[in-house]
Amino acid sequence: MGRVRAVCISEKKGTAKRNVGKCNFLEDFGLENDAHGGKWHRQVSLLSYEAVEAFRARGAQVEDGAFGENLLVEGFDFKSFPVGTIFTCNDVVLELTQIGKKCHSECEIFKQVGDCIMPREGVFARVLHGGTIQTGDELYVREKRESGESGKAEGCSDHGQR
């Protein structure tokens, strides 16, 4: 089990997300009012709270959402889960579709501190069933699909796939 530490959105692509504390997750779209929502495989981005804390321990002053994460969750090393893993939180059901991603020509965080953890630590999911998630909610692994059952998400590059 993991605990949601932040729920973040951004109204425009290319801007840092901000912690809104609570948000509706829309089936086959993503977070309501989030610029990255849509009918694609990266509807929701998830990042480990521990990875962000380790980054902060190196002296970086970053706010929740600074890496573009929608959900900051304590208790999971997301990159260790295979594509196809199912997570649940309240009524929300998420399917892991991609591990890691290439940073867009050195994002704002990289420019500020010389590193960004999202390409190494971040994962992406699509919303299979909608609902509401807020800070403090518990996130569970419902199932891990066998390798090859889900496969690579359509449209994904091989970057970061496991």
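Salt bridge annotation for Arg126-Glu95: present, with a cationic side-chain nitrogen under 4.0 angstrom from a carboxylate oxygen.
Counting heavy atoms from C-beta on, the side chains of Lys22 and Asp137 never come closer than 4.5 Å. Side-chain contact between Leu71 and Leu94: present, with at least one pair of heavy atoms (C-beta onward) separated by less than 4.5 Å. For the pair Asn19/Thr135, a side-chain contact is recorded, criterion being any heavy-atom separation below 4.5 Å from C-beta on. Phe87 is listed as a side-chain neighbour of Leu96, based on a closest heavy-atom distance under 4.5 Å. At least one side-chain heavy atom of His41 sits under 4.5 Å from a side-chain heavy atom of Gln98. Proximity of Val4 to Gln134: side-chain heavy atoms (C-beta onward) are nowhere separated by under 4.5 Å. Taking 4.5 Å as the limit, every side-chain heavy atom of Glu50 sits out of range of all side-chain heavy atoms of Arg5.
Residue Glu53 qualifies as enclosed at atom CD: its count of foreign heavy atoms under 6.0 Å is above 12.
With rounding to the nearest 0.5 angstrom, the CG atom of Asn24 is 4.5 Å from the CD atom of Glu32. The distance from atom CG of Leu47 to atom NZ of Lys17, rounded to the nearest 0.5 Å, is 12.0 Å. Note that CG of Asn90 and CG of Leu139 are 9.5 Å apart. Values are rounded to the nearest 0.5 Å.
Between Val44 and the options Asn70, Val123, Val92, Ile133, a side chain to side chain contact (heavy atoms under 4.5 Å, CB included) holds for only Asn70.
A donor atom on one side chain and an acceptor atom on the other are not found under 3.5 Å apart for Gln43 and Asp34.
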